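See below for the structure under consideration.
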Amino acid sequence: MTEQTPAPLRRSDTCGALRASDIGRTVTLMGWSQTNRDHGGVIFLDLRDRSGVVQCVFNPLEAPAAHEVAQRVRSEFVIAVHGVVQPRPAGTVNPRLPTGEVEVHISRMEVLNAAKTPPFPINDDNAPEVDENLRLRYRYLDLRNTRMQQNLLLRHKAAQAARAYLDAQEFWEVETPLLIKSTPEGARDFLVPARLRAGEFYALPQSPQLLKQTLMVAGVERYYQFARCLRDEDLRGDRQFEFTQIDLEMAFVERDDVLTVTEGIIQAIMRVIGVDVPTPFLRMTFVEAMARFGSDKPDTRFGLEFVDLAGVFAATEFKAFAAVLAAGGQVKGINAKGAAGLSRRELDDLIAYAQSFGAKGMAYFQVTPEGLKSPVTKFLSEEERTAFATTLGAEVGDLLLVIADTPHVVAQALGRVRLHLGEKLGLIPENTWNFLWVVDFPMFAWNEETQQIDAMHHPFTMPKAEDLPLLDTDPLQVRGDLYDLVLNGNELVSGSIRVHRRDIQERVLEIINMPLEQVRERFGFLVEAFEYGAPPHGGMAIGFDRLIMLMAGEKTIRDVIAFPKTSSGADLMMDAPTTVDPLQLRDLGLQLRKRG
RNA sequence: GGACCUGUGGUGUAGCCAGGUUUAACACACCGGACUGUCACUCCGGAGAUCGCGGGUUCAAAUCCCGUCGGGUCCGCCA
């Protein structure tokens with residue numbers, strides 16, 4: 001051959017960046033062929049890379065060789081093109097495309113790699129939604145989709161923003177091990193057999209909690225980490241086995257120092273999507289959140305707040321209410337403004353919904369021009385009806401819902417009914433970012449199952465100073481120096497100030513009935529570390545996947561994780577988990593047995 | 001562990017509840033042909049599914065029943 005091989009093409013530009021200002025430039029682009037419109041003569045090919053799409057034009061008269069190649073190009077072929085950016089002829093500008101004012105007239109083209117026909121359309125806005133199994137099986141194709149690429153980009157930008165902020169605040173990013181020690185409390189651990197010590201196991205961290213506290217003793221003072229956390233619990237739309245937290249701990253601080261830093265991080269991250277959230281965030285105590293919304297993570301984007309009706313029905317003859325109040329329970333209601341028109345069927349569904357959360361029943365009252373309409377009105381006196389309607393601010397057209405039960409059931413059932421109605425009645429505004437600190441959680445909770453007191457957060461939480469005397473008299477009343485950050489009803493952040501005083505720590509462990517030996521066995525290293533000069537410290541962790549999910553407007557964290565698992569814990573692309581070679585098991589000193 | 005929903009060509013659906021005129025329909029994608037300005041290109045033609053799997057009922061099953069597997073949502077669980 002005497003013919004000279006032309007110099008290989010080298011990428012000069014990205015597709016999505018080309019604008020009218022580039023007209024006249026000769027460019028070389030590389031990417032994936034998205035659509036190929038062959039008009040017999042001229043061929044239009046939409047070329048896509050991660051920056052966007054640009055229209056390439058192949059004219060058989062201008063460049064017959066390139067046109068010849070373009071005829072054979074199919075969806076998702078990887079190609080390189082070389083040509084001149086030109087203005088589109090009048091009337092053919094595409095305003096829906098950022099690059100729609102220009103097109104590239106191709107003089108030379110190469111197929112870098114052919115592709116099989118994809119099992120689903122990659123970037124067709126008009127195509128119906130693709131089955132998620134299929135997307136997960138071919139995740140590398142799914143991730144080519146603009147939406148998914150935007151999610152990955154957003155996640156990257158958010159991580160960068162957080163890191164920049166934390167660096168400016170003089171935090172050190174420190175990595176902690178993935179193979180650590182198993183601790184039975186909390187979530188179920190993922191276990192890893194220790195080959196060098198048959199019969200023993202490592203655990204994958206549920207969070208770096210103990211290690212970051214140790215780093216405080218080590219004098220790191222300000223630590224953070226994008227920490228992978230692993231919990232072997234059932235998955236949900238917002239829960240994967242493995243997830244990412246922005247984990248942080250600070251020495252020589254009080255609660256408000258941690259809250260302020262957290263607000264700064266969140267603010268920096270939210271700016272990535274152009275949202276400037278005002279700080280400081282609103283704060284609400286746990287007690288108030290439970291009283292007003294029946295939840296420790298209230299969605300404050302809409303009303304339907306709880307109203308306590310104990311006073312109204314203090315002397316009622318209505319047995320269902322009277323009995324509950326006599327037993328120390330609560331009667332609480334919400335006013336669903338303008339919802340009196342719900343059908344009988346809808347009301348029944350609502351009651352069934354409340355019952356699925358433990359309520360024995362739910363009374364409803366439609367406010368009509370003739371007064372309250374309800375199956376139970378007849379059990380209430382005239383005065384009670386008036387006081388009830390007034391207390392709830394009832395107006396004609398409203399629907400009043402009342403649950404009488406234990407405080408726990410009222411909160412749970414009425415709280416869920418509130419959320420359900422908020423959605424059903426369209427009360428939830430879009431593009432609203434209600435960040436809310438919920439503070440002063442109880443330190444302990446009564447565990448019905450074990451009939452003893454448990455730590456609500458973890459046993460290294462500091463009780464609030466003013467509640468210290470209660471440790472000896474009424475531990476269940478003790479509030480911890482605990483805080484959660486809630487965004488639109490989602491728990492995003494959880495943290496606490498930790499105990500650094502030995503006397504308090506011992507008392508706390510005593511209350512949750514954890515004998516010293518057990519403490520030594522499980523967290524001995526931390527307890528020991530604390531004996532060598534632990535600074536006062538506290539911290540928190542941000543649920544990064546959830547935050548990105550909410551920022552991206554996605555319904556599941558699977559859509560902001562590159563390679564997520566299905567809700568039954570399977571990786572459909574890799575086909576994990578699988579059985580392993582018996583030799584691997586033998587190395588680990590493990591033997592499988594039938595599940596009994 | 002429990003409840004509910006779901007599975008039909010490569011993809012998304014219809015058909016299922018009232019079993020048989022269905023040779024399982026439609027759209028997109030795919031393959032071939034035509035077409036020089038489209039961008040959901042258009043037009044013509046073609047190929048492609050024994051209906052998740054197994055069993056049962058019936059003269060006859062995508063359709064009814066039982067079991068099973070995969071997927072989703074929720075409850076339990078997630079300090």
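Every chain is numbered from 1, with letters handed out A, B, ... down the list of sequences. If you're wondering where the values come from, they're calculated on a predicted model, not measured in any experiment.
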Report task. Find the distance A:K555:NZ to B:U73:P and express it as a whole number of Å. Result -> 12 Å

Query raised in the report: Counting only distance, no hydrogens or angles, is the base of B:G76 paired donor-acceptor with the side chain of A:R236 under 3.5 Å?
Result: yes

Query - Pair A:D481-A:S496, side-chain donor/acceptor within less than 3.5 Å - result: no

Query raised in the report: Can A:Q149 and A:T146 be counted as having a side-chain donor-acceptor contact under 3.5 angstrom?
Result: no

Report task. Classify the nucleic acid contact of A:N94 as base, sugar-phosphate or nothing, counting any heavy atom under 4.0 Å across all strands shown. Result -> base

**Report entry** Separation of atom CD1 in A:I122 from atom C1' in B:G10, rounded to whole Å
**Finding:** 13 Å

Query raised in the report: When all nucleic acid strands are considered with a 4.0 Å heavy-atom cut-off, which category describes A:G237: base, sugar-phosphate, or nothing?
Result: sugar-phosphate

Report task. Could you pick out which residue, A:V42 or A:Q412, lies toward the 5' side of RNA chain B when each is mapped onto its nearest nucleotide? Result -> A:V42

Query raised in the report: Which base, if any, makes a Watson-Crick or G-U wobble pair with B:A3, both distances under 3.5 Å?
Result: B:U73

Query raised in the report: So which nucleotide from B:G72, B:C77, B:U38 ends up closest to the side chain of A:E233?
Result: B:C77

Query - Interatomic distance, A:Q71 CD vs B:C31 P [rounded to whole Å] - result: 13 Å

Query raised in the report: Has the side chain of A:R239 got a donor or acceptor atom sitting under 3.5 Å from an opposite partner on the base of B:C77?
Result: yes

Query raised in the report: A:R558 side chain N/O closer than 4.0 Å to the phosphate oxygens (OP1, OP2) of B:U73?
Result: yes

Report summary line: In A:V54, A:V53, A:D49, the residue satisfying side-chain contact (heavy atoms from CB on, under 4.5 Å) with A:S51 is A:D49

Report task. Scan A:S207 against the nucleic acid and name what it touches under 4.0 Å (heavy atoms): base, sugar-phosphate only, or nothing. Result -> base

Query raised in the report: If you look at every strand shown and take non-hydrogen atoms under 4.0 Å, does A:D38 touch a base, only sugar-phosphate, or nothing?
Result: base

Query raised in the report: Between A:T566 and A:Q206, which has a closest nucleotide on RNA chain B that is more 5'?
Result: A:T566

Query raised in the report: Which whole number of Å gives the distance between the C1' atom of B:G67 and that of B:G48?
Result: 32 Å

Query - Integer-rounded Å distance: B:C30 C1' and A:E76 CD - result: 14 Å

**Report entry** Nearest-angstrom distance from the residue atom CG of A:L235 to P of B:C74
**Finding:** 12 Å

Query - Pair A:Q240, A:D545: side-chain N/O donor-acceptor within cut-off below 3.5 Å - result: no

Query - Candidates A:V478, A:I511, A:I512 - the one meeting side-chain contact (heavy atoms from CB on, under 4.5 Å) with A:M443 - result: A:V478

Report summary line: Against the side chain of A:Q55, the closest entry in B:G10, B:A79, B:G37 is B:G37

Query raised in the report: So what does A:A570 hit on the nucleic acid, given a heavy-atom distance under 4.0 Å: a base, only sugar-phosphate, or nothing?
Result: sugar-phosphate

Report summary line: Whole-Å distance, A:D296 CG to B:A79 P, equals 12 Å

Query raised in the report: Between A:Q55 and A:R37, is any pair of side-chain heavy atoms under 4.5 Å apart?
Result: yes

Query raised in the report: Which value, in whole Å, describes the distance between the P atoms of nucleotides B:C17 and B:U6?
Result: 14 Å

Query - Any N/O donor-acceptor pair, A:D234 side-chain to B:C77 base, under 3.5 Å - result: no

**Report entry** A:F120 ring over B:U11 six-membered base ring, under 5.5 Å and 30°
**Finding:** no

Query raised in the report: Do any side-chain nitrogens or oxygens of A:R231 fall under 4.0 Å of OP1 or OP2 in B:A79?
Result: yes

Requested in this report: Check whether any side-chain nitrogen or oxygen of A:H457 sits under 4.0 Å from OP1 or OP2 of B:A79, and answer yes or no.
Outcome: no

Query raised in the report: Looking only at atom C1', what distance separates B:A49 and B:C39, rounded to whole Å?
Result: 32 Å

Query raised in the report: When the C1' atoms of B:C5 and B:G10 are considered, how many whole Å apart are they?
Result: 25 Å

**Report entry** Euclidean distance for C1', B:G9 against B:A47 (whole angstrom)
**Finding:** 11 Å

Query raised in the report: Hey, is the side chain of A:R74 poking within less than 4.0 Å of OP1 or OP2 on B:A29, counting only N and O atoms?
Result: no

Query raised in the report: Whom does B:C17 pair with, Watson-Crick or G-U wobble, provided both distances fall under 3.5 Å?
Result: none

Query - Sugar-phosphate only, base, or nothing, as touched by A:R137 at under 4.0 Å among non-hydrogen atoms - result: nothing

**Report entry** Pair of N/O donor and acceptor under 3.5 Å linking B:G37 base with A:E103 side chain
**Finding:** yes

Report task. Using the C1' atom on both, measure B:U8 against B:A61 and round to a whole Å. Result -> 14 Å

Query - Touch class at under 4.0 angstrom, heavy-atom based, for A:P119 against every strand present - result: sugar-phosphate

Query raised in the report: How about A:D440 and A:Y483: does a side-chain donor come under 3.5 Å of a side-chain acceptor?
Result: no

Query - Presence of donor-acceptor pair under 3.5 Å, side chain of A:R88 and base of B:C39 - result: yes

Query - Spacing of the C1' atoms in B:U22 and B:U50 (rounded, Å) - result: 13 Å

Report task. State the pairing partner of B:G10; accept Watson-Crick or G-U wobble contacts with both distances under 3.5 Å, and report none otherwise. Result -> B:C28

Report task. Answer with yes or no whether the side chains of A:Y223 and A:Q225 bring together a donor and an acceptor at under 3.5 Å. Result -> yes

Query raised in the report: Taking any strand in view, what nucleotide pairs with B:C64 in a Watson-Crick or G-U wobble way, both distances under 3.5 Å?
Result: B:G56

Query raised in the report: Quantified in whole Å, what is the C1' atom distance between nucleotide B:C35 and nucleotide B:U13?
Result: 31 Å

Query - A:L134 CG to B:U13 P, straight-line distance once rounded to whole Å - result: 11 Å

Query raised in the report: Taking NE2 from A:H458 and P from B:A79, how many angstroms apart are they, rounded to a whole number?
Result: 11 Å

